[in-house]
Number of protein chains: 2
Amino acid sequence: MERDFLKELEFLGVTARLKRLSDNLSYSIKDLYQQKDLDIEPSWHLVILLLKKQESSTMSEIADLLQLSQAAATKMLNKMIQKGYLISVRDEKDNRKKMIQLSDKAKLELPKFEKVWNAGQSSIRDILQSNTDFLNNLSDFEDKLKEKSFQQRALEHL
Amino acid sequence: MERDFLKELEFLGVTARLKRLSDNLSYSIKDLYQQKDLDIEPSWHLVILLLKKQESSTMSEIADLLQLSQAAATKMLNKMIQKGYLISVRDEKDNRKKMIQLSDKAKLELPKFEKVWNAGQSSIRDILQSNTDFLNNLSDFEDKLKEKSFQQRALEHL
DNA sequence: TATATTTGCTTAACCAGTTAAGTAAATATT
DNA sequence: AATATTTACTTAACTGGTTAAGCAAATATA
């Protein structure tokens, strides 16, 4: 077993390990898409699945549900529009809003996408098979941070 | 309780949740540093703690131990040098290598840094107090990915 | 009714990471 | 001894996030 400096750091390494894990998965998904000739980015599946479920949504609402800043949502959604996966229609009642929907291209390619996403889902299931508490632990971590931010907790320790 | 779309996605949302959690922590740490007037970035503590432990190291070795690409290490380390926290000396035996060490400034400010890092460590400890398995579950996830990448697993499901 | 505030989206400048291509020094090979 | 390969670091172009500032439309207020 080789040395793992981040593990050596124990509590001081947790943040970095979470980042490493998250990055590892993202780049792995990117590779997978490339290999399967899907011209999409990791994280786009969130938008597509959301719009499959609820047909149409505004940029702000998508930002909200995905817990991104509006600026991040703007960039991602405009790129998806530019790639032809989404269409945006100005809301007639409120001219500021852009209603976002799946394009015909997206609907057409959806089955191909879902095949790959389901394989990804199975992989996560595999990984967590012997690790049944992981999702609960993750939720617990999320809940704790929602209760009180890391920053606030740290300030109280100073 | 408000809606959490990422949780609704179950296994398809895990990656995004890990990213969200990791980002949340990073930006929280950034805020904390700003508030405590520490002119460092999140993740720099990894380098400083490493060099406190082992005095001197090359860029490649640091990249390796932190599990970053060499390009990422170059950028980070050069910025830290530029900020005056590190010094780099060319290895006399091998002129390609740059030996990296803590500067006097870094050593001087170390106690101030460590106070904040310890508070951060305590916060993580708090958060994980009722969640004793988290670190083990995290290790398990990491180990599983080391055994076989996400991508490879997904390909086997296709 | 005119003005002030809020809301929805955009843009700019920054953060941290990646891969790919490039340079120069050390090492291996022929 | 000359050439080819590997190694250490750098740079460029891209990913996807952030905050801050700005614009225009809708809404609230005086």
Side-chain angles (χ1 to χ4, degrees), chain A residues 15-34 39-47 57-64 66-83 86 88-100 151, chain B residues 15-34 39-47 57-64 66-83 86 88-100 151:
Chain A
T15 301
R17 284 166 71 187
L18 286 170
K19 173 152 188 49
R20 179 175 70 179
L21 185 58
S22 156
D23 283 352
N24 178 321
L25 289 169
S26 291
Y27 284 103
S28 208
I29 291 170
K30 206 164 185 168
D31 280 356
L32 176 64
Y33 285 167
Q34 218 151 35
D39 188 24
I40 53 175
E41 301 290 339
S43 82
W44 289 12
H45 73 285
L46 300 174
V47 178
S57 186
T58 67
M59 287 191 154
S60 303
E61 196 190 5
I62 293 174
D64 232 49
L66 268 42
Q67 297 186 49
L68 290 173
S69 67
Q70 189 148 74
T74 294
K75 273 198 284 189
M76 173 174 62
L77 294 171
N78 281 334
K79 196 179 252 172
M80 291 179 77
I81 289 170
Q82 190 213 310
K83 281 278 185 185
L86 302 181
S88 104
V89 185
R90 285 239 169 245
D91 187 341
E92 292 188 353
K93 288 184 186 162
D94 185 338
N95 221 265
R96 293 166 307 178
K97 290 187 185 172
K98 286 187 168 179
M99 303 305 295
I100 308 291
Q151 181 194 9
Chain B
T15 300
R17 283 166 71 187
L18 286 170
K19 173 152 187 49
R20 179 175 69 178
L21 185 58
S22 155
D23 283 352
N24 178 321
L25 288 169
S26 290
Y27 285 102
S28 209
I29 291 170
K30 206 164 185 168
D31 280 356
L32 177 64
Y33 285 167
Q34 219 150 35
D39 189 24
I40 52 176
E41 301 290 339
S43 81
W44 288 12
H45 72 285
L46 300 174
V47 178
S57 185
T58 66
M59 287 191 156
S60 303
E61 196 190 4
I62 294 173
D64 232 49
L66 268 41
Q67 297 184 48
L68 289 173
S69 66
Q70 190 149 74
T74 294
K75 273 197 286 188
M76 175 173 62
L77 294 172
N78 280 335
K79 195 178 255 173
M80 290 179 76
I81 289 169
Q82 188 213 311
K83 283 277 185 184
L86 302 180
S88 105
V89 185
R90 286 235 170 249
D91 187 342
E92 291 188 355
K93 289 183 184 161
D94 185 339
N95 222 266
R96 293 166 306 176
K97 290 186 184 171
K98 286 185 166 178
M99 303 304 295
I100 308 291
Q151 181 193 9

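Protein chains get the first letters and strands the later ones, always in sequence-line order, with residue 1 at the start of each.
- D/dC9 atom C1' lies 11 Å from atom CG of B/Leu77, rounded to whole Å.
- Judged by distance alone, the side chain of A/Ser26 and the main-chain N or O of A/Ser22 form a donor-acceptor pair under 3.5 Å.
- Interatomic distance, NZ of A/Lys19 versus CG of B/Leu68, reported as 9.0 Å (0.5 Å rounding).
- For A/Lys93 and D/dA25, the shortest distance from a side-chain N or O to OP1 or OP2 is not below 4.0 Å.
- Here the nucleotide nearest the side chain of A/Arg96, chosen from D/dC9, C/dA25, C/dT6, is C/dT6.
- B/Ser60 comes within 4.0 angstrom of sugar-phosphate atoms only, judged by non-hydrogen atoms across all strands, and of no base.
- The base of C/dG17 is paired with the side chain of B/Lys75 by a donor and an acceptor separated by under 3.5 Å.
- When the P atom of D/dG16 is taken as reference, atom CD of A/Gln82 falls 12 Å away, rounded to whole Å.
- Among the protein residues, A/Lys98 comes within range of the sugar-phosphate backbone only, with heavy atoms under 4.0 Å from sugar or phosphate atoms but none that close to a base.
- When each of A/Asn95 and A/Ala71 is assigned the nucleotide of DNA chain D bearing its nearest heavy atom, the one mapping closer to the 5' terminus is A/Ala71.
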Check your understanding: Under the salt bridge (Lys or Arg N to Asp or Glu O under 4.0 Å) criterion, do B/Asp91 and B/Lys93 qualify, and how do the steps go?
Key -> CA-CA 5 Å; B/Asp91 187 342; B/Lys93 289 183 184 161; over 6 Å; no

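- The phosphate of C/dT18 has OP1 or OP2 within less than 4.0 Å of a side-chain N or O from B/Ser69.
- For B/Ile29 and C/dA16, the CD1 to C1' distance is 13 Å, given to the nearest whole Å.
- Between B/Arg90 and B/Arg96, the closest heavy-atom pair is NH1-O, 3.1 Å.
- Here A/Gln70 reaches the OP1 or OP2 of C/dC9: one of its side-chain N or O atoms lies under 4.0 Å away.
- Atom NZ of A/Lys79 is separated from atom CG of A/Leu77 by 11.5 Å, given to the nearest 0.5 angstrom.
- Rounded to whole Å, the distance from OH on A/Tyr27 to P on C/dG17 is 9 Å.
- Computed from coordinates, the B/Lys79 NZ to C/dC14 P distance equals 10 Å when rounded to whole Å.
- Rounded to a whole Å, the NZ atom of B/Lys30 is 10 Å from the P atom of D/dT19.
- Rounded to an integer number of Å, the gap from CG of A/Leu25 to P of D/dG16 is 16 Å.
- Side-chain to base pairing of B/Lys19 with D/dG16: no donor and acceptor N or O lie closer than 3.5 Å to each other.
- Residues A/Trp44 and B/Glu61 both approach DNA chain D. Their nearest nucleotides, taken by heavy-atom distance, put B/Glu61 toward the 5′ side.
- The nearest whole Å value for the distance from the CG atom in A/Asn78 to the P atom in D/dG16 is 13 Å.
- For B/Thr74, no side-chain nitrogen or oxygen approaches OP1 or OP2 of D/dC9 to under 4.0 Å.
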